[in-house]
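Here's the structure we're looking at; comments come further down.
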Protein chains: 2
Amino acid sequence: MSLSGQDDARTRRRGPALEGALLDAAWAELTERGYESFTIDAVATRAGTSRAVLYRRWPGKPELARAAIVHVVAQDPIEVKDTGSLRGDVIALLRQANERRVRIATQLVVSLADYYRATGTSLADLRESISGGQGPIMDGVIARALERGEIDASRLTPRIRNLPVDLFRHEVLMTHSAVPEETILEIVDTIFLPLVLA
Amino acid sequence: MSLSGQDDARTRRRGPALEGALLDAAWAELTERGYESFTIDAVATRAGTSRAVLYRRWPGKPELARAAIVHVVAQDPIEVKDTGSLRGDVIALLRQANERRVRIATQLVVSLADYYRATGTSLADLRESISGGQGPIMDGVIARALERGEIDASRLTPRIRNLPVDLFRHEVLMTHSAVPEETILEIVDTIFLPLVLA
DNA sequence: CCACTAAGAGACATTGCGTATCCTAAATTC
DNA sequence: GAATTTAGGATACGCAATGTCTCTTAGTGG
């Protein structure tokens with residue numbers, strides 16, 4: 001019984017191709033069902049494989065979820081373009097984060113419960129491992145503003161430098177939804193710029 | 001066999017007394033085990049009762065967890081005292097939150113995963129239901145500062161008014177631990193006060 | 001004192017977990 | 001390109017927790 005129509009025509013995936021499919025399936029489950037209802041069984045079924053294959057790669061549910069998140073984020077990096085002014089750069093950055101990260105961030109907080117406890121890590125660690133070694137996202141923006149002489153370097157503490165991103169993130173965490181354009185402008189114009197402009 | 005030593009000497013709790021014991025047990029489980037390992041079984045055992053009693057009151061695990069959190073927070077309100085200056089008031093407020101809310105907040109974020117999805121609520125809603133009808137915690141602090149003429153009322157947008165608390169919360173959410181004293185001072189002295197002082 | 005409510009014990013089917021075993025398709029080696 | 005090794009995929013197992021029910025009995029109020 002080697003040829004029974006389309007059923008036996010399936011090929012057996014391996015290595016990276018399989019792993020990608022597993023992580024995509026995990027991500028889909030995560031977004032559709034949420035972490036609590038996220039089951040290894042469902043991921044295996046959706047990926048057209050069996051649980052054993054998943055357990056060979058990840059110890060359990062939190063690690064699989066985390067891997068899925070990192071995988072998805074890595075495929076969709078945020079680029080910060082030069083708009084010609086600090087204000088424009090920061091607004092562009094926040095808008096982009098709004099478009100490309102809100103769903104992920106929402107999943108992330110609303111989810112990953114126990115993972116932190118089990119591993120002793122925190123949201124901050126996860127944020128770090130997601131942004132990779134590329135350093136704080138604000139770096140490029142700030143560097144250009146300093147070149148242009150737009151900001152008072154003496155006021156630029158690390159905390160103030162990250163203020164727009166931190167406030168944006170706080171907003172997303174609190175509401176679990178995209179941040180309104182007015183809020184972005186408010187953060188930039190009434191908080192960040194007054195603190196750093198020369 | 002009505003008298004077998006101490007075993008039958010137990011009394012059967014009812015109403016509020018029982019409910020309090022259930023919520024205390026739930027809270028203890030939550031803090032000791034984390035939300036993911038939080039089981040109705042364990043709560044029932046710890047409270048010396050059976051699951052049926054819990055299911056009679058709450059539909060399931062997320063609702064019980066939430067009820068336990070609200071219960072604990074309600075027993076330990078934050079009071080904001082008058083220290084004589086805006087700076088002192090805000091610092092005192094953050095310090096108190098640091099002492100009395102960090103464990104709870106940590107539980108809270110690291111936990112309650114699916115509840116939001118299931119009910120369509122968010123962290124912001126939970127924050128609201130926890131702070132009760134008493135309004136933003138910064139209100140009293142701001143009112144006194146306005147009386148003293150310490151702040152420029154025109155700069156006082158709602159967002160800026162809540163900035164210290166929001167940044168504090170963000171810090172806790174990110175690190176899952178208490179906020180260092182220096183960070184509290186930094187938030188107040190390099191961000192909040194420069195934005196509002198006349 | 002009687003009737004009613006609800007506490008507490010326990011049984012039940014169901015579901016997800018994590019492990020182990022087996023077979024075979026794909027990759028690797030000679 | 002055949003032989004060998006690796007790992008994918010199916011299946012079954014025991015375990016733990018869920019949520020539902022039933023039953024007995026302790027406390028409460030009339």
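Throughout, a chain's letter reflects where its sequence line sits, starting with A, and its residues are numbered from 1.
If you find the closest nucleotide of DNA chain D to B:R56 and to A:G48, the one lying nearer the 5' end belongs to A:G48.
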Do any N or O atoms of the protein come closer than 3.5 Å to N or O atoms of nucleotides 27-30 of chain C, and which pairs are they?
none

Contact list (N/O, under 3.5 angstrom) for nucleotides 18-21 of chain D vs protein:
unit_1: D:dT18; atom_1: OP1; unit_2: B:I40; atom_2: N; d: 3.0
unit_1: D:dT18; atom_1: OP2; unit_2: B:I40; atom_2: N; d: 3.3
unit_1: D:dT18; atom_1: OP2; unit_2: B:D41; atom_2: N; d: 3.3
unit_1: D:dG19; atom_1: OP2; unit_2: B:Y55; atom_2: OH; d: 2.8
unit_1: D:dG19; atom_1: N7; unit_2: B:R51; atom_2: NH1; d: 3.1
unit_1: D:dG19; atom_1: O6; unit_2: B:R51; atom_2: NH1; d: 3.3
unit_1: D:dG19; atom_1: O6; unit_2: B:R51; atom_2: NH2; d: 3.3

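Every side chain to side chain contact (heavy atoms under 4.5 Å, CB included) that A:P180 has, sequence neighbours left out, goes to A:E182, A:T183. Taking B:R159 as the reference, A:E171, A:E186 meet the salt bridge (charged side-chain N to carboxylate O under 4.0 Å, His left out) condition, with sequence neighbours excluded. Residues forming a side chain to side chain contact (heavy atoms under 4.5 Å, CB included) with A:A68 (at least two apart in sequence, or on another chain): A:L23, A:A26, A:W27. For the side chain to side chain donor-acceptor pair (under 3.5 Å) test, residues two or more places apart in sequence or in another chain that qualify with B:R87 are B:D189. Legend: residues meeting side chain to side chain contact (heavy atoms under 4.5 Å, CB included) with A:L156, ordered by chain and number and at least two apart, are A:I142, A:I151, A:R161, A:V196. Partners of B:R46 by side chain to side chain donor-acceptor pair (under 3.5 Å), not counting sequence neighbours, listed by chain and number: B:E29, B:E32. A search for side chain to side chain donor-acceptor pair (under 3.5 Å) contacts involving A:T83 returns A:D89, not counting sequence neighbours. By the side chain to side chain donor-acceptor pair (under 3.5 Å) test, B:R95 is found to be paired with B:E181, residues two or more places apart in sequence or in another chain being considered. B:D41 meets the salt bridge (charged side-chain N to carboxylate O under 4.0 Å, His left out) test with B:R51; sequence neighbours excluded.
Distance B:R57 CZ to C:dA7 C1': 9 Å, rounded to the nearest Å. Rounded to whole angstrom, the span from the CZ atom of A:R13 across to the C1' atom of D:dG9 amounts to 10 Å. Between the CD atom of A:E19 and the C1' atom of D:dT6 there is a distance of 16 Å, given to the nearest Å. As a whole-Å value, the separation of B:E29 CD from D:dA16 C1' is 15 Å. Atom CG in A:L54 sits about 15 Å away from atom P in C:dG16, given to the nearest Å.
The side chain of B:T49 contributes no N or O atom lying less than 4.0 Å from OP1 or OP2 of C:dA9.
Of all the heavy atoms in B:F168 and B:I187, the pair that sits closest is N-CD1, 4.0 Å.
The bend of the helix from C:dC1-D:dG30 to C:dC30-D:dG1, defined by the angle between the axes of its first five and last five pairs, stands at 30° to the nearest 10°.
Between A:R148 and A:D82 there is a salt bridge, with a side-chain nitrogen of the basic residue lying less than 4.0 Å from a carboxylate oxygen of the acidic one.
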